[in-house]
Peer 1: 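For reference, the structure I am asking about is given below.
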Amino acid sequence: MGNQHRGLGLSSTISAGNGLNAPAAASTATTQAWFTRCPVPTSFALALRRGLVEDEVARQPGYTLAALQSSGDAKVQQSHYTHTQPNSLRHGGNIPAIYAQASGADTRVIGLSTIRQPQTVLVSPDSGIRSVRDLLGRRLLVLRRAHEAIDFAYYTALRTYEVALNSVGFGLSDVEIVEVPVAGAYIDDRPRQKLSSQGAEPGVEGRGVSTWTHTVLPLIRGEVDAIASAGPTSVQLQAQLGLHAVFDQAQLAPALQANNSHPLPFTVNARFLDEHPGFIDRLLQRTLQAEREAQADPDGAIHQIALELGLSERVVRQAYGPHLLDNLAVGFDPQAISGLQAQIDFLARHGAIAKAFDVNSWLAPEALARARLGASQGNH
């Protein structure tokens, strides 16, 4: 962007390795840190887009930070879904994050955000389906990448259908789930990312072609009766193709809205957090700074989010609603924690993870508390 914001650096008395009040330790070693984010609005992504994270890392001797997607190593890129890359942070969908933790990645949740977006069941306008009850006995599409470590899109769609049917007293056994196999890997659909995004280049845009070739075409051809679609994609399919939403999970009570993008956990490798708390605290402070600046300049923030996602500002506003900037805030809201537990239980029930675990054992609120304290003391 032509008017890219640059934030102020943190106090030089803050140690990147020993917490907010410890003196800086001299070291010649360089720690390579990694980040990744999903194609959804988050305050961490906004901090990246605005150059705040880049500025902060530049002030920290002994640290470098790169996007997983900038690596030429497929295993490193795959860590977006498995969180196996050491020294990495991730802010995005909860299904891969839960899978990673349940599979032994040993991560910690350092914050949760809860965007509100359409999470819909779409049908053709001439299908005769006008309500969720009309879905009984019908064919509901799910894409299936059985070769993936965690098929997050499959479980996202399944969750949408399950909640929809439960809302009228029925379940998945009352419909026909039609699985369409997809051969491509998720990392093939992931665009390359940078530490910050200058100019008009999208930061994480590139929601693969599967939405159209594997999802919409079967519906148009009459091979299935309904598809699940979320966020801006749902908005665009309704506007451009005239598809009709017979259900939107976002319209339910907050306790029933849990899905892959609700809530969005901000996770970090546990060892990285233990060994480099000051560095994590600083990145969280920059994330909090991005939240404050978004509130101070809402139109500018919406513009940056639109650039980040490769969408028009109109679609961003329509998809994420009037409270988007408030919903960017990271924290540990009890409803968000309950939603994360609901997702853990859902994935265990459907065999995506071996067993459920207590969400509270996963949370690490201390880092955010330290970051807030540092911000209140002017270290931003």
Peer 1: Among V123, V163, L135, find the residue that satisfies the side-chain contact (heavy atoms from CB on, under 4.5 Å) test when tested with F247.
Peer 2: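 Of the listed residues V123, V163, L135, the side-chain contact (heavy atoms from CB on, under 4.5 Å) partner of F247 is V163.
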Peer 1: Carefully, step by step, assess E148 and Y154 under the rule side chain to side chain donor-acceptor pair (under 3.5 Å).
Peer 2: CA-CA 11 Å; E148 290 286 351; Y154 170 83; over 6 Å; no
Peer 1: I want to check something: taking the side chain as every heavy atom from C-beta on, are L264 and T114 in contact at a cut-off of under 4.5 Å?
Peer 2: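 The answer is no; the side chains never approach within 4.5 Å.
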Peer 1: Looking only at atom types and distance, does a side-chain atom of Q32 sit under 3.5 Å from a main-chain N or O of Y63, one as donor and one as acceptor?
Peer 2: no
Peer 1: For G331 versus R372, what's the shortest heavy-atom pair and its separation?
Peer 2: CA-NH2, 4.2 Å
Peer 1: Using distance alone, with no hydrogens and no angle criterion, decide if Q343 and R159 have a side-chain donor and acceptor under 3.5 Å apart.
Peer 2: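 Yes, R159 and Q343 have a side-chain donor paired with an acceptor closer than 3.5 Å.
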Peer 1: Given S229, which of T120, T156, L243 fulfils the side-chain contact (heavy atoms from CB on, under 4.5 Å) condition?
Peer 2: T120
Peer 1: Can you tell me how far the CZ atom of R90 sits from the CZ atom of F266, to the nearest 0.5 Å?
Peer 2: 11.0 Å
Peer 1: With heavy-atom distances below 4.5 Å as the criterion, would you say the side chains of L89 and W34 are in contact?
Peer 2: no
Peer 1: Begin with the C-alpha distance, continue with both residues' side-chain angles, and end with the deciding distance and a verdict on side-chain contact (heavy atoms from CB on, under 4.5 Å) for L307 and R49.
Peer 2: CA-CA 9 Å; L307 289 177; R49 164 64 59 174; 3.9 Å; yes
Peer 1: Tell me yes or no: between the side chains of N259 and T160, is some donor less than 3.5 Å from an acceptor?
Peer 2: yes
Peer 1: Between L283 and V57, is any pair of side-chain heavy atoms under 4.5 Å apart?
Peer 2: yes
Peer 1: Are the side chain of S338 and the backbone N or O of P334 linked by a donor-acceptor pair below 3.5 Å?
Peer 2: yes
Peer 1: Are V168 and L136 packed together at the side-chain level, in the sense that at least one heavy-atom pair is separated by less than 4.5 angstrom?
Peer 2: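 Not in contact.
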Peer 1: Is the side chain of R108 donor-acceptor paired with the backbone N or O of L273 at a distance under 3.5 Å, no angle test?
Peer 2: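 The answer is no, because no donor-acceptor pair under 3.5 Å joins these two groups.
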Peer 1: To the closest 0.5 Å, what do you measure between CH2 (W362) and CG (D106)?
Peer 2: 11.5 Å
Peer 1: We want to know whether Q77 and S71 form a side-chain donor-acceptor pair, criterion being a heavy-atom distance below 3.5 angstrom.
Peer 2: no
Peer 1: Test of understanding: with side chain to side chain donor-acceptor pair (under 3.5 Å), list the residues that count as partners of H147, not counting sequence neighbours.
Peer 2: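 Checked H147 against side chain to side chain donor-acceptor pair (under 3.5 Å); zero matches.
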Peer 1: Just checking Y81 against Y99, ring centres under 6.0 Å apart?
Peer 2: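 Not under 6.0 Å, so no.
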Peer 1: Please report the closest heavy-atom contact between F357 and Q341, naming both atoms and the distance.
Peer 2: O-NE2, 3.1 Å
Peer 1: Taking atom types as modelled, find out whether N269 and S88 have a side-chain donor-acceptor pair closer than 3.5 angstrom.
Peer 2: yes
Peer 1: Side-chain contact test, heavy atoms from C-beta onward, threshold under 4.5 Å: evaluate it for V330 versus L112 and give yes or no.
Peer 2: no
Peer 1: In plain terms, say whether R144 and D151 are close enough for a salt bridge, that is, a side-chain N and a carboxylate O under 4.0 Å apart.
Peer 2: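 Yes, R144 and D151 are salt-bridged.
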Peer 1: Please lay out, stage by stage, how I302 and L324 fare under the test side-chain contact (heavy atoms from CB on, under 4.5 Å).
Peer 2: CA-CA 9 Å; I302 294 295; L324 169 58; 3.8 Å; yes
Peer 1: Of all the heavy-atom pairs spanning P254 and Q335, show the shortest one and how long it is.
Peer 2: CB-OE1, 3.4 Å
Peer 1: Is there a donor-acceptor pair under 3.5 Å between the side chain of T107 and the backbone N or O of Q101?
Peer 2: no
Peer 1: Is the distance between the ring centroids of Y186 and F152 under 6.0 Å?
Peer 2: yes
Peer 1: For F170, does its backbone N or O pair with a side-chain atom of D174 as donor and acceptor, under 3.5 Å?
Peer 2: no
Peer 1: Please check this pair: side chain of S312 against backbone of V315, looking for a donor-acceptor N/O pair closer than 3.5 Å.
Peer 2: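 It does hold such a pair.
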Peer 1: Is a salt bridge present between E223 and R139, judged by a nitrogen-to-oxygen distance below 4.0 Å?
Peer 2: no
Peer 1: Distance check, rounded to the nearest 0.5 Å: L373 atom CG versus L368 atom CG?
Peer 2: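 Nearest 0.5 Å value for the CG-CG distance: 11.5 Å.
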Peer 1: Grab the two heavy atoms, one from P265 and one from G93, that are nearest each other, plus how far apart they are.
Peer 2: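 Scanning both residues, the minimum pair turns out to be CD-C, 4.1 Å.
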Peer 1: Could you tell me the separation between the OG1 atom of T31 and the CD atom of Q60, rounded to the nearest 0.5 Å?
Peer 2: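 Answer for the OG1-CD pair, T31 versus Q60, is 11.5 Å.
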Peer 1: Is the closest side-chain heavy-atom distance between L122 and S234 below 4.5 Å?
Peer 2: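 Touching, per the 4.5 Å side-chain cut-off.
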Peer 1: Test of understanding: clusters of I, L, V, M, F, W, Y form through side-chain heavy atoms closer than 4.5 Å, transitively. Do L237 and V235 belong to the same one?
Peer 2: no
Peer 1: Does the side chain of Q119 come under 3.5 Å of the side chain of D248 through a donor N or O and an acceptor N or O?
Peer 2: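 The criterion, which ignores hydrogens and geometry beyond distance, is not satisfied for D248 and Q119.
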Peer 1: A side-chain contact here means heavy atoms from C-beta on lying under 4.5 Å apart; do E313 and Q318 qualify?
Peer 2: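 Not in contact.
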Peer 1: Using modelled atom types and a 3.5 Å cut-off, is there a donor and acceptor pairing between side-chain atoms of E308 and backbone atoms of P41?
Peer 2: no
Peer 1: Pick from E291, E293, E56: which one makes a salt bridge (charged side-chain N to carboxylate O under 4.0 Å, His left out) with R286?
Peer 2: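 Running salt bridge (charged side-chain N to carboxylate O under 4.0 Å, His left out) over E291, E293, E56 with R286 returns exactly one hit, E56.
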Peer 1: So, for F272 and F279, which heavy atoms are closest and what is the spacing to 0.1 Å?
Peer 2: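 Closest approach of F272 to F279, heavy atoms only: CZ-CD2, 3.7 Å.
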Peer 1: For the pair R116 and Q257, evaluate side-chain contact (heavy atoms from CB on, under 4.5 Å) and give the outcome as yes or no after the intermediate values.
Peer 2: CA-CA 9 Å; R116 188 173 183 274; Q257 292 180 17; 4.2 Å; yes
Peer 1: Taking atom OG1 of T84 and atom CD of Q78, what is their separation to the nearest 0.5 Å?
Peer 2: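 Output value for this atom pair is 8.0 Å.
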Peer 1: Can you name the closest pair of heavy atoms from L141 and Y161 and give their distance?
Peer 2: O-OH, 2.6 Å
Peer 1: Do H262 and I115 come within less than 4.5 Å of each other through their side chains, counting heavy atoms only?
Peer 2: no
Peer 1: Quick one: do R349 and E162 make a salt bridge, cutoff under 4.0 Å?
Peer 2: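 Looking at E162 together with R349, the answer is yes, because their closest N to O distance falls below 4.0 Å.
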Peer 1: Can you list the steps and then say if H83 with T267 is a side chain to side chain donor-acceptor pair (under 3.5 Å)?
Peer 2: CA-CA 9 Å; H83 218 310; T267 54; 3.2 Å; yes
Peer 1: Would you call D297 and R292 a salt bridge, taking side-chain N to carboxylate O under 4.0 Å as the test?
Peer 2: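 Looking at R292 together with D297, the answer is no, because their closest N to O distance does not fall below 4.0 Å.
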Peer 1: Counting distance only, does the side-chain N/O of D345 pair as donor-acceptor with the main-chain N or O of A342 below 3.5 Å?
Peer 2: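 Answer holds: no.
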Peer 1: Just do the side-chain contact (heavy atoms from CB on, under 4.5 Å) check on L219 and S124 with the steps written out, would you?
Peer 2: CA-CA 7 Å; L219 183 66; S124 298; 3.7 Å; yes
Peer 1: Is there a side chain to side chain donor-acceptor pair (under 3.5 Å) between D326 and Q295 once you walk through the steps?
Peer 2: CA-CA 8 Å; D326 294 329; Q295 293 288 344; 2.9 Å; yes
Peer 1: Indicate whether the side chain of H91 and that of S113 have a donor and an acceptor atom separated by less than 3.5 Å.
Peer 2: yes
Peer 1: Judged by atom type as modelled, is there a donor-acceptor pair below 3.5 Å linking the side chain of N260 to the main-chain atoms of N94?
Peer 2: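 Such a contact is found between N260 side chain and N94 backbone.
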Peer 1: Find the distance between CG (L52) and OG1 (T287) and round it off to the nearest 0.5 Å.
Peer 2: 8.5 Å
